[in-house]
Amino acid sequence: MGYGKEYQVIVVGAGHAGCEAALAAARMGCTTLLLTMNLDAVAQMSCNPSIGGLGKGHLVHEIDALGGEMGINIDHTGIQFRRLNMRKGPAVRAGRAQADRMAYSARMKVVVETEKNLDLKQGVVEELIVENNKVGGVRTREGIDFLARTVVLTTGTFMRGLIHVGMNSYPGGRAGEPSAENLSQSLRSLGFTVGRLKTGTPARLSAKTIDFSRLERQPGDETIRPFSFTTDKIDRSQVVCHIAHTNEKTHDIIRRNIHKSPLYAGVIEGIGPRYCPSIEDKVVRFPDKSSHQSFVEPEGVSGTEMYPSGLSTSLPADVQLQYFRSMLGFEHVEIMRPGYAIEYDFVEPRQIRPTLETRDVGGLFHAGQINGTSGYEEAAGQGLLAGINAALQCLEKEPLIISRDQGYLGVMIDDLVTRETTEPYRMFTSRAEYRLLLREDNADIRLTEVGRMIGLVSDQRWRLYENKRSQMNEAIEVVKLTLITNKNRDLCQKLNLGELKSGVTLEQLIKRPGISIGQIRQELDVFNDIPDSVLEQVEIAIKYDGYIARQREQVERFTEHEKIIIPDDVDYDAVASLSAEVREKLKKFQPVSLGQAGRIQGVTPAAVAVLNVYLRKKSRERQTEKRS
């Protein structure tokens, strides 16, 4: 049964990826449908209700710079904000915020429901409508055919989701919600390689039964740094989080009951995240460690549910209660929701292009956990780019690809299409080779113009961006032209400058270790109303000038191979001197450029050189044919 209304873009799933994809497509002018299994679970935070963190905070700032919603949403609904790694260099500093879980979801639902060009509907998609290798829409369990030129799948953990609590297992996309059982088979029938992954979540605890006086307090920052470049400031009270620890008694309880964990009983088939192991995994893998830390964080300001991070588990509920009650401050704790592990299907991401469109089915895009990633931020970033490219295809415009030197978004997607998926993918700052150029603070400078070019950055956001650029230029002029001499006695004394034989500019002063632009601002009235965030960027540019210049040189060398495009119809069997293993890898991953080919595991520098010679030769031959 046809619905009677044809869309340009259909997005399946209203999680973090789906919301960003649908909003992006609609804001770019495309008629868009967002289908979800449950209208009351839009942008649900299934695990820890927090946004940001190392690497992840960078993604949120980039999503915001391009015109996405996640940064704005957490600024409105965050209940504690912290900046991480502030004692380290600017490349690895990142923001993190605890959210009010219900408020985060509720606000995002309102944004989605009120967006022009966007319809939000409830329905379970069971089949893709595909003809001549081109997607044409989706078919729901209710028997409705929704037609569209493009489809974005953001299925999260719902494709054949299987929940494990001890030896008890039952189908579910997350606790309390059903799984999508038939969509995986539809994808398999279209020739996609589908795999299995696993993730987990800890129990939720009742705050009324925790003795917080025995836990370490962890307050938020006094000065809050927003995630969105459009947020002027966040001026509201913050909740206090706490830190708890397991102990040897806790570990002994887990060891005695390890046979009851489906992870160790061989019941779970999927591969879990190495960087975020369950508590039973930690106890087994690190037997010499007598304690593991847990951040105990509220799920909202009005309820009593607490989230104990780092303690995800698949052990039975009674064992969970035992080991929690062995911890200091939790002697009388009550579990409100037991922790669980969940297995789900994903589609091998080597089957997508850097645009997130699938290689074999035109107009079909994948984003989020269907691509083997984990995390709200990773999902939202993919959703945004998938929605953008689906819209651009409908508008018959060139697709958008973010490169590795442009953003963490580019790093993530390039990693997905060039590497084997051996575990759920998570973003870290260490994954970016140009991380000094890809800081949180300059994400708007890097990407706002890109968002404006594709029609996603509003006039209001653009005016804010132009104002910031103007303020940066003003601040740079001040530091270059302002001369400090012995006449500035108070400043010289406070900065221990001694006698200045000749004047020094503020730029020269800022380059010196131990001298900050903030100290200068306190003593000299030269920066007028320029915000601290702008001065921070100017200071980083001055202090790290040499390192930044070196990374830009590396980028220039890197882009040479990125410019060499590999045609879709290249015949790798015709390339002399390539080993059978390299040919197999190239055929499997189908890189779009020589640079991307070089990042595929197993493709050696020598193989890249051989391929380079072959591609240049074929290019000359094509040019000769055109002239003749």
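Treat the numbers as computed from the prediction; the structure is a model and nothing was measured. Only heavy atoms go into these numbers, but all of them, side chains included; no hydrogens, no water, no symmetry mates.
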Colleague: Using a strict threshold of under 4.0 Å (side-chain N to carboxylate O), is an ion pair present between R107 and E69?
Modeller: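 Here E69 pairs with R107 in a salt bridge, since their nearest N and O are under 4.0 Å apart.
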Colleague: Is the distance between the ring centroids of F227 and H61 under 6.0 Å?
Modeller: yes
Colleague: State the OG1-CD1 distance between T150 and I10, to the nearest 0.5 angstrom.
Modeller: 8.0 Å
Colleague: How far apart are the closest heavy atoms of F346 and R196, and which atoms are they?
Modeller: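 Smallest heavy-atom distance, with atoms named: CE2-N, 3.4 Å.
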Colleague: Decide yes or no on salt bridge (Lys or Arg N to Asp or Glu O under 4.0 Å) for E420 and K585, but give the supporting numbers first.
Modeller: CA-CA 10 Å; E420 300 278 1; K585 290 280 186 179; 3.6 Å; yes
Colleague: With side-chain contact (heavy atoms from CB on, under 4.5 Å) as the test, would you mind laying out the steps for Q406 and L438 before giving the verdict?
Modeller: CA-CA 7 Å; Q406 269 186 298; L438 307 181; 5.7 Å; no
Colleague: Salt bridge between D414 and R419, side-chain N to carboxylate O under 4.0 Å?
Modeller: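 R419 and D414: not salt-bridged.
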Colleague: Does R139 come within less than 4.0 Å of E126, counting only side-chain N to carboxylate O?
Modeller: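 No.
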Colleague: Excluding sequence neighbours, so at least two apart, what forms ring-ring contact (aromatic ring centres under 6.0 Å, His included) with H58?
Modeller: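 If we apply the ring-ring contact (aromatic ring centres under 6.0 Å, His included) test to H58, skipping adjacent residues, the hits are Y408.
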Colleague: Less than 4.5 Å apart, any side-chain heavy atom of Y425 and any of L416?
Modeller: yes
Colleague: Between L586 and P591, is there a side-chain heavy-atom distance shorter than 4.5 Å?
Modeller: yes
Colleague: At what distance, to the nearest 0.5 angstrom, does OG of S46 lie from CZ of R174?
Modeller: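 The OG atom of S46 sits 4.0 Å away from the CZ atom of R174.
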Colleague: How far apart are the closest heavy atoms of S105 and A41, and which atoms are they?
Modeller: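 The answer is OG-C, 4.4 Å.
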Colleague: Taking NZ in K397 as the centre, count heavy atoms belonging to other residues, nucleotides or ligands within less than 6.0 Å. Is the count above 12?
Modeller: no
Colleague: Would N73 and H76 count as a side-chain contact (heavy atoms from CB on, under 4.5 Å) if you check the C-alpha gap in whole Å, the side-chain angles of each, and the deciding distance to 0.1 Å?
Modeller: CA-CA 5 Å; N73 211 53; H76 277 83; 5.5 Å; no
Colleague: Should K563 and E560 count as an ion pair when the cut-off is N to O under 4.0 Å?
Modeller: yes
Colleague: State, to 0.1 Å, how close V457 and R452 come at their nearest heavy-atom pair, and which atoms those are.
Modeller: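 Looking at all heavy atoms of both residues, the shortest contact is O-NH1, 3.1 Å.
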Colleague: How long is the span from the CG atom in D64 to the OG atom in S228, to the nearest 0.5 Å?
Modeller: 3.5 Å
Colleague: Compare every heavy atom of L384 with every heavy atom of G68, then report the nearest pair and how far apart it is.
Modeller: CA-CD1, 4.1 Å
Colleague: For the pair R599 and D415, find out whether any cationic side-chain nitrogen is under 4.0 Å from an anionic carboxylate oxygen.
Modeller: no
Colleague: Considering only NZ, NE, NH1 and NH2 on the basic side and carboxylate oxygens on the acidic side, decide whether E584 and K588 come within less than 4.0 Å.
Modeller: no
Colleague: Can you tell me how far apart CZ (R96) and CD1 (I51) are? Round to the nearest 0.5 Å.
Modeller: 9.5 Å
Colleague: Hey, mind stepping through E449 and W462 against side-chain contact (heavy atoms from CB on, under 4.5 Å) and telling me if it holds?
Modeller: CA-CA 8 Å; E449 292 183 26; W462 184 248; 3.7 Å; yes
Colleague: Taking all non-hydrogen atoms of both residues, which atom of I163 and which atom of I342 are closest, and how far apart?
Modeller: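 So the minimum-distance heavy-atom pair works out to CG1-CD1, 4.1 Å.
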Colleague: For Y344, what residues pass the ring-ring contact (aromatic ring centres under 6.0 Å, His included) criterion, not counting sequence neighbours?
Modeller: none
Colleague: Could you walk me through whether Y465 and R461 pass side-chain hydrogen bond (donor to acceptor under 3.5 Å, both in side chains), step by step?
Modeller: CA-CA 6 Å; Y465 170 73; R461 183 183 283 265; over 6 Å; no
Colleague: For A26 versus L118, what's the shortest heavy-atom pair and its separation?
Modeller: CB-CB, 3.8 Å
Colleague: Apply the test side-chain contact (heavy atoms from CB on, under 4.5 Å) to residues K121 and F146: give CA-CA distance (whole Å), side-chain angles for both, the deciding distance (0.1 Å), then the verdict.
Modeller: CA-CA 11 Å; K121 297 183 184 297; F146 291 100; 4.2 Å; yes
Colleague: Going from CZ on R101 to SG on C47, what distance comes out if it is rounded to the nearest 0.5 angstrom?
Modeller: 11.0 Å
Colleague: Answer yes or no: does atom CZ of R552 have more than 12 heavy-atom neighbours from other residues, nucleotides or ligands under 6.0 Å?
Modeller: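 Incorrect, the count does not exceed 12.
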Colleague: Kindly compute the distance separating CG (N612) from CG (L594), expressed to the nearest 0.5 Å.
Modeller: 5.0 Å
